[in-house]
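A quick write-up on the structure given underneath.
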Amino acid sequence: MVAKRSSRSAALTAVSATLTKEAKTANLARKRTRRETVPKLLSTTDSQQHEQEPTNEGSENSYWLFKAEPESRIVDGVDVRFSFDDLSREGQASWDGVRNYEARNCMKRMKVGDFGFFYHSNCKTPGIVGILKVCKEAYIDHTAFDPKHPYYDPKSDKEKPKWFMVDVEYVRPLKRLIGLHELKAHLAKYSSKSPLSDMALMRKSRLSVSPVKESEWSFILELADKEVEGDASLESK
DNA sequence: GCCAACGTTGGC
DNA sequence: GCCAACGTTGGC
């Protein structure tokens, strides 16, 4: 077994646009990644159930949320840190290391051009910091086959790959960080009337990759554009 | 570092 | 195929 603690945000391997796929792979271990839990194994039925998980609301979903850990944390000798600044510096990253079916299924549904929020987790101020864009659709996450990789999954079979990743590229930061705290405060204040009342981030807080509805997306962007008058963002708590 | 929430495992 | 035990996530 491999991963000690598994994941928190997502793992990412930053890659430069000029690298070949293979070179990117080789690069993995050196860059940070992160991931989700490495499941020990699944029965066939379980995997089938996961395969059949309904896609969000049926229709296409063009917005997502990706969690990553901006602070260093060593997993099996590899620093899994990956911040929005890192993405900004490197331009692109492979979102590898996700070892949770629901999160993986989200990645499988992504299309080139879909946008995502970049969320910082397991850190001092958790929250949404920026925007990224999907630039390559789901493909096999070979880190699952590498025994030396912290996110190695001994149960995954090359003939029947279980784990996938997408590539993402930097778009821009939000005008200000939208903290989890602020999102929760909004929810507490408006409860079911809040545009966030059904947001996956709130309801399934442990998912490292989750869908974002268009209404949630635009609401959060507006929040970010709003000046924080008198710390209004903190008013309900 | 604690621990609540929740996903996974495996015995039955 | 249920469900108790166990493991992980991630906010605090």
(message) From NZ of A:Lys155 over to P of B:dT9, roughly how many Å is that when rounded to an integer?
(response) 10 Å
(message) Starting the side chain at C-beta, find the nucleotide from C:dC12, B:dT8, C:dG10 nearest to A:Tyr101.
(response) B:dT8
(message) Distance to the ring centre below 6.0 angstrom and angle to the axis at most 45 degrees; does that hold for A:Lys148 and A:Tyr152?
(response) no
(request) Round to a whole Å and report the spacing from CG of A:Leu207 to C1' of C:dG11. (result) 16 Å
(request) Using atom CZ of A:Phe66 as one end and atom C1' of C:dG10 as the other, report the distance to the nearest whole Å. (result) 19 Å
(message) If you compare every side-chain N and O of A:Lys204 against the phosphate oxygens of B:dC6 (OP1, OP2), does one of them come in below 4.0 Å?
(response) no
(message) Using a strict threshold of under 4.0 Å (side-chain N to carboxylate O), is an ion pair present between A:Asp157 and A:Lys162?
(response) no
(message) Using the side-chain heavy atoms of A:Ser121, tell me which of these nucleotides is nearest: C:dG11, B:dT8, B:dA5.
(response) C:dG11
(message) Rounded to whole Å, how long is the line connecting atom CZ of A:Arg206 with atom P of C:dG11?
(response) 12 Å
(request) Name the closest nucleotide to the A:Asn100 side chain, picking from C:dG10, C:dG11, B:dT8. (result) B:dT8
(message) Please identify which of these residues, A:Tyr139, A:Phe145, A:Tyr101, meets the ring-ring contact (aromatic ring centres under 6.0 Å, His included) condition with A:Trp163.
(response) A:Tyr101
(message) Tell me whether the side-chain N/O atoms of A:Lys184 come closer than 4.0 Å to OP1 or OP2 in C:dC12.
(response) yes
(message) How many whole angstroms separate atom NZ of A:Lys67 from atom P of C:dG10?
(response) 4 Å
(request) Could you state the atom-to-atom distance from CG of A:Leu183 to P of C:dG11 in whole Å? (result) 11 Å
(message) Nearest whole Å is fine: how far is C:dG11 C1' from A:Tyr119 OH?
(response) 8 Å
(request) Could you check how far CG of A:Asn122 sits from P of C:dT8, rounded to whole Å? (result) 14 Å
(request) State whether a side-chain donor-acceptor pair under 3.5 Å links A:Asp141 with A:Thr143. (result) yes
